[in-house]
Protein chains: 2
Amino acid sequence: MSSQAPHNTLLIPGPIEFDDAVLQSMSHYAEVLSESHVGPAFVKTFGETLTLLRKLFQTTSPTAQPFVISGSGTLGWDIVASNLIERGEDALVLHTGYFGDSFAAALETYGVRATQLKAPIGERPSLAEIEEALKQKPYKIITITHVDTSTGVLSDIKAIAELVRRVSPDTLVVVDGVCSVGCEEIAFDAWDLDVVLTASQKAIGCPPGLSILMLSGRALDRFKSRKTPPASYYASIANWLPIMQNYEAGKPSYFATPPTQLIHALHTSLTKITSRPLAERFAIHAKTSDKVKAAVAELGLTQLATKPENQSHAMTAIRLPQGMTAPDILPALLKRGVVFAAGLHKEIAPLYIRFGHMGVSVTEPGRNDIDKAIAALKEAYAEVKQAKGL
Amino acid sequence: MSSQAPHNTLLIPGPIEFDDAVLQSMSHYAEVLSESHVGPAFVKTFGETLTLLRKLFQTTSPTAQPFVISGSGTLGWDIVASNLIERGEDALVLHTGYFGDSFAAALETYGVRATQLKAPIGERPSLAEIEEALKQKPYKIITITHVDTSTGVLSDIKAIAELVRRVSPDTLVVVDGVCSVGCEEIAFDAWDLDVVLTASQKAIGCPPGLSILMLSGRALDRFKSRKTPPASYYASIANWLPIMQNYEAGKPSYFATPPTQLIHALHTSLTKITSRPLAERFAIHAKTSDKVKAAVAELGLTQLATKPENQSHAMTAIRLPQGMTAPDILPALLKRGVVFAAGLHKEIAPLYIRFGHMGVSVTEPGRNDIDKAIAALKEAYAEVKQAKGL
């Protein structure tokens, strides 16, 4: 069976549909069959991958440092929590859904005092609320979920970073970009961010299994001035920093065996993404998102994120009407060859569904994935409404 | 280019040569193209993979628990250090090379007091020395590197486990099986082991990127009786245990996105490995190792592990004669299409080379990988000896 075989269209908020070339780069070429993780061919691939990440994050700062580590996106929280802040110090966690709670839990595991600034479901803390919170304590870091995958809420990281620099300039700005890097605009240098952490399987369009981070020089300085050693071994920047610096400089280096096949896939994906202007990529994601959201509104349905400025361009969290749950409509969508995700926010999980629109499904309109999914949504919704007598 | 393209033969102590079917399972089939990590197809694959691991570890104990987590083998040390022992408690680390030092460093990161019992390079601590050490302190865990990849030293984990049960029955027996699982015999139940941790890319023959563990009921009880919460978030058994139990029971579950493609590769590899008697697999690895070691002796070369009972069947660490270093002979081997690894033990790294003999290179004699490598070693050694005037 070839990768061209018909299959259901995966439109969950990650993992997403893959470009054939990305998957094939893990199995089809001689190098992946015969490659030492410290041999010159892989050193070159890994080094180039790190350099391509600088392009994706729009950074040219020589002190910024990319990391690619075997693990899921979640590992990025441990890297932040065990290296950039110490036991007993304060972190301000902006909460726009499930992933705020989890990031806070990760910070607390390492003895950090995490204060959550929560908004109602579908909302985000206002700049005024954030400013007030920042004035209460000397927070070492502020964490922001760029797009919370559980709610589809988008945060305005540019405005928040500006605010932090103005009222609490020593606070590191940490962005959880798991569901945003590769589809929402991120200008690492221009917006003066300190950490963006992400994963491979969402808008980057690569199989899951890579924890990806960009750290600013300010973040590395904070790490270097720790009073105590890093609080994790596998997630220790002390262990990984020389490895990343060496590979990018073309020198093999060993701390733990890198996931060579996944890094080939990431190299292929990043090469493709950065071969076109990033502005174009962000624009087509915004335009596609508008189209999806218009179709949802046309059906008389609402989103978890009610205000347009709170709505991510990566996904749409669609609230179901009274009397209909995710287990009612997801099978009706699957019957039409479309895979959406159920809700994830603990309080209301069965009451909504999530439609991911990232990566090749968006950038290659010839695939027709989005139109097919919109049509399937219309049909499935009508079918379930009728069956339920709604 | 197809995966049949000619390529150098990778005979380092991991990653190893791949079976075509293993690599292709990451890219060739419809399911990997359209698969949600919580959809029924992947739930089935992941659940079966966990069950296949029970077969590989020869355990039928209902209280034993397999784990497969996105990360390198190194992550297994954090899982042990942050869950099965607490700050201020004692661990006895048997040192047979580089990986003993690293495991001790991982334990110390989490506040554990690690006492290393060291042997000279190429040796291993004797049972009498281990018994004496166990009587000094109430060690919560003892860690043993089954095969230390830096030296090729094999530990007798069966005898050590017996000893521990006799003289210090509450001490958990923790085996680092990164370079042994899949080629050295491990009988988890019969030998009464508590933890075996490993990685995907050595004798299991899967791409790197999976941290794999088997825990005994006794180890899980130790975890459940902790006085303090787990000391890591990403490596927390509290976070992963329900996920593994749910997937094996056929239920989707979410903590962090699993590396779906790599788990497909692992499923393919484990299906193949467990389709034949394991005893046969261990025997062919032993026989092949004997052949390699005989060829090394025939050349007048010695191993780092001098005593036959200390020598692993996964790899051979070959000491080079005075006047010859790894950078002299590795290119002469590569010219003949064979990739060996340089030394890794800090004190003597350039003075030896490592020949890995695991997986399909061993179990499929039709590939001729081992004979090719032995012939290449003979020629390369003669060539460098002559060039150096030795």
Side-chain angles (χ1 to χ4, degrees), chain A residues 1-3 5-10 12 14-15 17-18 23-24 26-39 70-75 77-78 81-82 105-106 109-110 199 201 207-209 229-236 254-262 339 341-342 344, chain B residues 1-3 5-10 12 14-15 17-18 23-24 26-39 70-75 77-78 81-82 105-106 109-110 199 201 207-209 229-236 254-262 339 341-342 344:
Chain A
M1 202 187 309
S2 96
S3 56
H7 66 275
N8 294 319
T9 306
L10 187 63
I12 66 174
E17 288 283 313
F18 298 111
L23 285 183
Q24 287 170 4
M26 297 193 297
S27 63
H28 277 45
Y29 304 97
E31 60 260 35
V32 303
L33 297 169
S34 64
E35 188 172 62
S36 163
H37 54 299
V38 290
S70 177
S72 85
T74 300
L75 179 65
W77 298 340
D78 287 69
S82 64
T109 297
Y110 294 97
Q201 79 276 7
S232 166
Y233 185 76
Y234 187 65
S236 162
Y254 178 75
F255 165 60
T257 305
T260 44
Q261 276 68 19
L262 291 180
V339 182
L344 186 62
Chain B
M1 201 186 308
S2 97
S3 57
H7 65 274
N8 295 319
T9 306
L10 186 63
I12 65 174
E17 288 284 313
F18 298 112
L23 285 183
Q24 288 170 3
M26 297 193 297
S27 63
H28 276 46
Y29 304 99
E31 60 260 35
V32 304
L33 297 169
S34 63
E35 190 172 63
S36 162
H37 54 298
V38 290
S70 177
S72 86
T74 300
L75 179 64
W77 298 339
D78 288 68
S82 64
T109 297
Y110 293 97
Q201 78 277 6
S232 166
Y233 185 75
Y234 187 65
S236 162
Y254 177 75
F255 165 60
T257 305
T260 45
Q261 276 68 21
L262 291 179
V339 182
L344 185 62

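Convention: sequence-line order gives letters A, B, ...; per-chain numbering from 1. Side chains included, hydrogens not; waters and symmetry mates left out as well; all remaining heavy atoms used.
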K.L.:
Let me confirm one number: the OH-OG1 distance from B:Y233 to A:T74, rounded to the nearest 0.5 Å.
P.N.:
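So the OH of B:Y233 and the OG1 of A:T74 are separated by 6.5 Å.
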K.L.:
How far does CG of B:D78 sit from OG of A:S232, to the nearest 0.5 angstrom?
P.N.:
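Separation between the atoms: 4.5 Å.
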K.L.:
So which residue, A:G14, A:P15, A:G71, ends up with the most heavy-atom pairs under 4.5 Å with chain B?
P.N.:
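The answer is A:G71.
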K.L.:
Examine whether an atom of B:A341 lies under 4.5 Å from a heavy atom of chain A, and if so say whether it belongs to the side chain, the backbone or both; otherwise answer neither.
P.N.:
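Neither part, no heavy atoms under 4.5 Å.
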K.L.:
Between A:L344, A:V38, A:L75, which shows the greatest number of heavy-atom pairs under 4.5 Å with chain B?
P.N.:
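The answer is A:L75.
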K.L.:
Taking all non-hydrogen atoms of both residues into account, name the closest pair between B:G209 and A:S70 and its distance.
P.N.:
CA-OG, 3.5 Å
K.L.:
What part of A:A256 gets closer than 4.5 Å to chain B, counting heavy atoms only: side chain, backbone, both or neither?
P.N.:
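Its backbone and side chain both get close to chain B.
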K.L.:
Sort B:P207 into side chain, backbone, both or neither according to what part of it lies under 4.5 angstrom from a heavy atom of chain A.
P.N.:
both
K.L.:
Which bit of B:I12 comes within less than 4.5 Å of chain A, counting heavy atoms only: side chain, backbone, both or neither?
P.N.:
side chain
K.L.:
Of all the heavy-atom pairs spanning B:Q261 and A:M26, show the shortest one and how long it is.
P.N.:
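That closest heavy-atom pairing would be CG-CE, 4.0 Å.
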K.L.:
Looking at every non-hydrogen atom in both residues, tell me the closest pair between A:P258 and B:P208 and how far apart they are.
P.N.:
O-CG, 3.3 Å
K.L.:
Which atom pair, heavy atoms only, marks the closest approach of A:E35 to B:L10?
P.N.:
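Distance-wise, the nearest heavy atoms are O-CD2, 3.4 Å.
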K.L.:
Run the side chain to side chain donor-acceptor pair (under 3.5 Å) test against A:T109 and tell me which residues pass, sequence neighbours left out.
P.N.:
none
K.L.:
Side chains of A:S27 and B:S27 only: does a donor on one sit below 3.5 Å from an acceptor on the other?
P.N.:
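Yes, because at least one side-chain N or O of A:S27 sits under 3.5 Å from a partner of the opposite role on B:S27.
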K.L.:
Using the side chain to side chain contact (heavy atoms under 4.5 Å, CB included) criterion, which residues pair with A:A81? Sequence neighbours excluded.
P.N.:
A:L107, A:Y110
K.L.:
I'd like to verify something: which residue of B:A105, B:G73, B:P229, B:G39 has the highest number of heavy-atom pairs under 4.5 Å with chain A?
P.N.:
B:A105
